[in-house]
Colleague: 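Could you have a look at this structure, given as structure tokens, before my questions?
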Amino acid sequence: MSETTPNGYIKRWWKEAVVYQVYPRSFYDSNGDGIGDLRGVLEKLDHIKGLGVDVIWLSPHFDSPNADNGYDIRDYRKVGAEFGTMQDFDDLLAAIKTAGMKLIIDLVVNHTSDEHQWFVESRSSRENPKRDYYIWSDKKPNDWTSIFGGPAWTQGEDGDWYLHLFDRKQPDLNWDNPAVRKEVYDLMRFWLDKGVDGFRMDVIPFISKDKTLPNLPEDLRAKPQYVYANGPHVHDYLHEMNREVLSQYDVMTVGEAFGVTLQDTPKLIDERRQELDMIFQFAAVEVDRGPDGRWKPWTLLEFKAVFIRQDQALDTHCWPTFFLSNHDNPRIVSRFGDDSPQWREKSAMLLATLTLTMKGTPFIYQGDEMGLTNRNFTDIDQFNDLWTKNAWQEEVGSGKWSAEAFFANQNKVSRDHARMPLPWTAEGGFTTGQPWFALNPNFTEINAESGRAIYDHYARLIALRHAEPALVYGDYQDIAPDHPQVFAFKSTLGKTAFLIVLNFSGQPVDFDLPDTTPCLGNYRDAPTYLRPWEARVYRIK
Ligand code: TEU
Ligand code: CA
């Protein structure tokens, strides 16, 4: 029988875990070809282990033509040649287990690469047995748009149209075909049988399509993800996947729930429904996006309200996650903190404190423990992301936006901020060759070595979280929801309670603080007021 916490949560290892995301292309290059690889992760495993994290999430490491940096898979059972060999994967997995950690991998099965054998066959003729692995139509059936811009339908050689909710090189699989579902379950078993501990599931709510293919409703034209995530059979297919595969292993799953409302979240993660363990909710990272997806200023009040709403919407059958960053988002210090030389370190530590004291499984993105920042992009050729390149064509090429307006926005929102290779030393230290993508030019100042104090702060917070179930399972209570500068909340479990106080500003602020000594903070002492970007954790009961 599983144990239950005093406030009613069933205890599970993945609820207590801290997850660290590796984007392998940019982590560490072991062989000088300029591309991060699996041996590189192995060589730097002590860096990850030293933080005290429990689980590594590895972004796609599969064979891919890399139209979308590996989120376009050509062969699900093959390691990308640039990342190494299957032997390298097995060695890495073994080393992760020896170090007492677990590994989850990316499951990207809403779509494949157009170079996947299935699609090569599917597009070859209308009679091909694989035709029905994808979604074809003899005319352009509706006005759906790709998340990356432009129409979601592209014509194949024979004149028929195929659906791609992302790039035209990422055709969507037809999950209504049982043969497709069987293929997916088989490839999941292939990796689980090697010993991987679960999956992060890419845009998983998009797998079921409304085959009546209606046009987008007017009010969702700018946010079609809320249409795509609501197909008629998504829950049937996830329940089937759970029954056929997941329930037979002791693993964790986290779905990227792009386009899923808070109200619909329990349908995916309520443990009684046996679909997914957890999802990523996007509300927190959408506070600085306007209705058209462009950057807008955010306020602490809006940000805090996200967590109050989330707490109210999820009961003890649903387990939340917490993330502020990943390979699709800008750097947290530049976005939610202050990346000026004066406050960069303190605000990085404050954001770490928030991440590691909230209820829910926390996800840390590589480089956040180094305090990495956004860069200032000034030329379209400095970008790698196909999304940004499409947007350049669509917005600047068409004369809709000036180049200045384009860069101003991209410097706030671009996915490339997170994708630059990690600066391990003041010399760069990522590769002995030419990096596949330029490092942030500030690597001489901002790197793993200069970020040591931030790293140590993460490690202290993770150790505290592991020692204190109240920081994992505790009841959440925002004690100052209307305070414009301070984020302060309690976490209470049985007889134990913590108070977390965070000054989200560059100004000192008076706040009613306990007169005890905090158990953790990002300044050495603790006067009666809060200094800029000060973060404290108090044990109050
Ligand atoms: O992301 C889904 C996705 O649409 C995000 O890029 C989202 O638009 C963004 O986070 C909003 O801020 C997943 C992968 O994480 C991403 O890297 C892939 O490009 C995409 O799916 C397609 O596989
Ligand atoms: Ca390499």
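Predicted model, so just to flag it, every value in this text is computed and none were measured. All values below come from the heavy atoms of this structure, side chains included, with hydrogens, waters and symmetry mates left out. Each ligand, and each atom within it, is numbered from 1 in the order the structure gives.
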Colleague: Tell me if the centroids of the rings in Phe323 and Trp57 come within less than 6.0 Å of each other.
Modeller: no

Colleague: Around atom 18 (C) of ligand 1, find the nearest protein heavy atom and jot down its residue, atom name and distance.
Modeller: Asp68 OD2, 3.2 Å

Colleague: Just going by heavy-atom distances, which of Glu256, Glu286, Met201 is nearest to atom 2 (C) of ligand 1?
Modeller: Glu256

Colleague: I'd like to know if His111 contacts ligand 1, where contact means a heavy-atom distance under 4.0 Å to any ligand atom.
Modeller: yes

Colleague: Between His111 and Tyr134, is a ring pair (Phe, Tyr, Trp, His ring centres under 6.0 Å) present by the stated rule, with each step listed?
Modeller: CA-CA 9 Å; His111 46 268; Tyr134 296 85; over 10 Å; no

Colleague: Looking at CZ of Phe307 and CE of Met358, how far apart are the two atoms once the value is rounded to the nearest 0.5 Å?
Modeller: 4.5 Å

Colleague: Please report which non-hydrogen protein atom sits nearest to atom 23 (O) of ligand 1, along with the residue it belongs to and the distance in Å to one decimal place.
Modeller: Asp202 OD2, 2.8 Å

Colleague: Could you check, using the six-membered ring where one of them is a Trp, whether His61 and Phe83 have ring centers closer than 6.0 angstrom?
Modeller: no

Colleague: To check your reading of the site, what angle at the Ca ion (ligand 2) do OD2 of Asp37 and OD1 of Asp29 form, to 10°?
Modeller: 90°

Colleague: Check ligand 1 against Phe282 and write out every atom of the ligand that is under 4.0 Å from a heavy-atom position of the residue.
Modeller: 10 (O)

Colleague: What residue and atom, counting heavy atoms only, is the protein's closest point to atom 6 (O) of ligand 1, and at what distance?
Modeller: Arg415 NH1, 2.9 Å

Colleague: Would Lys182 pass as a cation-pi partner of Tyr185, given that its NZ or CZ must be under 6.0 Å from the six-membered ring centre and within 45 degrees of the axis?
Modeller: no

Colleague: Go through ligand 1 atom by atom and flag the ones less than 4.0 Å from a non-hydrogen atom of Trp387.
Modeller: 6 (O), 8 (O)

Colleague: Please state which protein non-hydrogen atom is closest to atom 11 (C) of ligand 1 and give its distance, to 0.1 Å?
Modeller: Phe258 CE1, 4.1 Å

Colleague: With rounding to the nearest 0.5 angstrom, report the CD to CG distance, Glu256 to Leu107.
Modeller: 12.0 Å

Colleague: Which ligand 1 atoms does Ile147 reach within 4.0 Å, using its non-hydrogen atoms?
Modeller: 4 (O)

Colleague: If you measure from each heavy atom of Arg419 to ligand 1, is any distance below 4.0 Å?
Modeller: yes

Colleague: Geometry only, no angles: is Asn329 polar-contacting ligand 1 at N/O separations under 3.5 Å?
Modeller: no

Colleague: Is there an N/O/S atom in Asn31 that lies less than 3.0 Å from the Ca ion (ligand 2)?
Modeller: yes

Colleague: Does Trp136 have Arg131 sitting over its ring (NZ/CZ under 6.0 Å from centre, angle to axis within 45°)?
Modeller: yes

Colleague: Of the side chain and backbone of Tyr228, name the one, both, or neither that has a heavy atom under 4.0 Å from an atom of ligand 1.
Modeller: neither

Colleague: Answer yes or no as to whether an N/O/S atom of Gly40 is found below 3.0 Å from the Ca ion (ligand 2).
Modeller: no

Colleague: Polar-atom distance check: His327 versus ligand 1, any N or O pair below 3.5 Å?
Modeller: yes

Colleague: For the CG atom of Asp54 and the CE atom of Met252, what is their distance to the nearest 0.5 Å?
Modeller: 10.0 Å

Colleague: Please list, in number order, the atoms of ligand 1 under 4.0 Å from a heavy atom of Phe148.
Modeller: 19 (O)

Colleague: Have a look at Asp33 and say which of its N, O or S atoms is nearest the Ca ion (ligand 2).
Modeller: OD1

Colleague: Students should be able to answer this: which protein heavy-atom is nearest to atom 15 (O) of ligand 1, and at what distance?
Modeller: Asp328 OD2, 2.5 Å

Colleague: Would you confirm whether the ring centroid of Phe336 sits within less than 6.0 angstrom of the ring centroid of Phe504?
Modeller: no

Colleague: Are Asn69 and Tyr23 close enough that a side-chain donor and a side-chain acceptor fall under 3.5 Å?
Modeller: yes

Colleague: Quick check, are the ring centers of Tyr20 and Tyr365 under 6.0 angstrom apart?
Modeller: no

Colleague: For Thr373 and Asn442, does a side-chain donor sit closer than 3.5 Å to a side-chain acceptor?
Modeller: yes

